[in-house]
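Order of the sequence lines fixes the chain letters, A, B, ..., with proteins taken first and strands second; residue numbering starts at 1 for each chain.
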Amino acid sequence: MKKLPLSFYRQTNVLEIAKMLIGKYLFTNVDGNLCGGMIAETEAYAGVTDRASHAYNGRRTERTKTMYLRGGVSYVYFTYGMHHLFNVVTAGKDVPHAVLIRGIIPTEGIEIQKIRRKMPSGEKQLTNGPAKVCQALGITLKHNGIPLTGNAIWISEEEKTRLPEDAIQLTTRVGVDYAGDDALLPYRFILKHPDYFPVRNRNKMT
DNA sequence: GAGTAGATCGGCT
DNA sequence: GCCGATCTACTCG
């Protein structure tokens, strides 16, 4: 396993990065507990022109300023009064592209993840959603804006592994109905794997 | 299996 | 004052 370098995150095509992140391994070391898993689902958020993005139309607030940092840091935000969501910031400074990590297949620290999720035996439901991933891995606002090359959150890859093109399903993003036509963009990447169970897209657009 | 209400609060208009 | 890049539990069938 080899930690991804900053150059990986600083590429300019956020869709390519979202696709390449599938099959890589996300790890956290929180409270001395090493946890992680294979990334199985991502969504790309393409900056100021993407109506689904928090940074649409150049919106820059206390919350979204993290997205404008140089690629290679985390963007964690709090929503629905109870959930955290974790994103990978990509591209260069002042280019607010990001990839939402929507799901993983746990491989490390599984017992800790079950305890954090209060799910002693819920294999299929443990980390198949962005808020579930954060809860299982212990990711909170304390991790907002920190480098992904450090020792709290990082992403690694196995050397000499490349997924075949047909191992990834491409579809529309979840929960972005407010984005108009941009809700129809195929920016969601899902690993086809017997141990991963993506949630249904509740997109209400006709 | 499908559909929906309720939780709960920070960010934004 | 409204609502969200969500999740769970509960209903109905």
Distance-only polar pair, side chains of His54(A) and Tyr75(A), donor-acceptor under 3.5 Å: yes
Interatomic distance, CD1@Ile22(A) vs CD1@Ile101(A), rounded to 0.5 Å, equals 7.5 Å
OG1 (Thr172(A)) and CG (Leu185(A)) are apart, to the nearest 0.5 Å, by 9.5 Å
Between Glu62(A) (CD) and dG10(B) (C1'), how many Å, whole number? 12 Å
Between C1' on dA5(C) and CG on Asp50(A), what's the gap in Å once rounded to a whole number? 10 Å
Among Lys24(A), Lys3(A), Lys2(A), the one residue meeting salt bridge (Lys or Arg N to Asp or Glu O under 4.0 Å) with Glu157(A): Lys24(A)
Can you see if the side chain of Tyr178(A) gets near the phosphate of dA5(C) - specifically, an N or O under 4.0 Å from OP1 or OP2? yes
If you take any heavy atom closer than 4.0 Å to DNA chain B, which residues from residues 79-97 of chain A end up in contact? Tyr80(A), Gly81(A), Met82(A)
Rounded P spacing from dG3(B) to dA5(C) in Å: 22 Å
In whole Å, I'd like the distance from the CG atom of Leu126(A) to the P atom of dC7(C). 12 Å
Here the distance between atom P of dT6(C) and atom NE2 of His54(A), to the nearest Å, is 9 Å
Could you give the CD-to-P distance, from Gln125(A) to dC7(C), as a whole number of Å? 10 Å
With respect to the phosphate group of dT8(C), does any side-chain polar atom (N or O) of Lys132(A) fall under 4.0 Å of OP1 or OP2? yes
Find out whether Asp50(A) and Arg173(A) are in side-chain contact, i.e. whether some heavy atom of one side chain is under 4.5 Å from a heavy atom of the other. yes
Please report the C-alpha distance between Phe78(A) and His83(A) in whole Å, then the side-chain angles of each, then the deciding distance to 0.1 Å, and finally whether the ring-ring contact (aromatic ring centres under 6.0 Å, His included) criterion is met. CA-CA 6 Å; Phe78(A) 182 69; His83(A) 296 309; 8.3 Å; no
Apply side-chain contact (heavy atoms from CB on, under 4.5 Å) to Thr61(A) and list each qualifying residue two or more places apart in sequence or on a separate chain. Arg59(A), Arg63(A), Thr64(A)
Students often get this wrong, so: under 4.0 angstrom with heavy atoms, is Arg51(A) touching a base, only sugar-phosphate, or nothing? nothing
Nucleotide pairing, DNA chain B (Watson-Crick or G-U, distances under 3.5 Å), in dot-bracket with [ ] and |: |||||||.||||.
Are Leu137(A) and Phe27(A) packed together at the side-chain level, in the sense that at least one heavy-atom pair is separated by less than 4.5 angstrom? no
In whole angstroms, the gap separating P of dA5(C) from CG of Asn201(A) amounts to 14 Å
Is there a side-chain polar atom (N or O) of Arg117(A) under 4.0 Å from OP1 or OP2 of dT8(C)? yes
Taking only Lys NZ, Arg NE, NH1 and NH2, and the carboxylate oxygens of Asp or Glu, determine whether Asp94(A) and Arg60(A) approach each other closer than 4.0 Å. yes
Please determine if a side-chain N or O atom of Thr61(A) lies less than 4.0 Å away from the OP1 or OP2 oxygen of dC12(B). yes
Side chain of Thr64(A) only, heavy atoms from C-beta on: which candidate in dT8(C), dC12(B), dA5(C) is closest? dC12(B)
Is there a side-chain contact between Arg102(A) and the phosphate of dT6(C), meaning an N or O under 4.0 Å from OP1 or OP2? yes
Leu100(A) CG - dG4(C) C1' separation (whole Å): 13 Å
Classify Ala52(A) by what it touches in the nucleic acid, base, sugar-phosphate, or nothing, heavy-atom distance under 4.0 Å. base
Counting the benzene-type ring for Trp, do His84(A) and Tyr77(A) have ring centres under 6.0 Å apart? no
Interatomic distance where CZ belongs to Arg59(A) and P belongs to dG4(C) [whole Å]: 12 Å
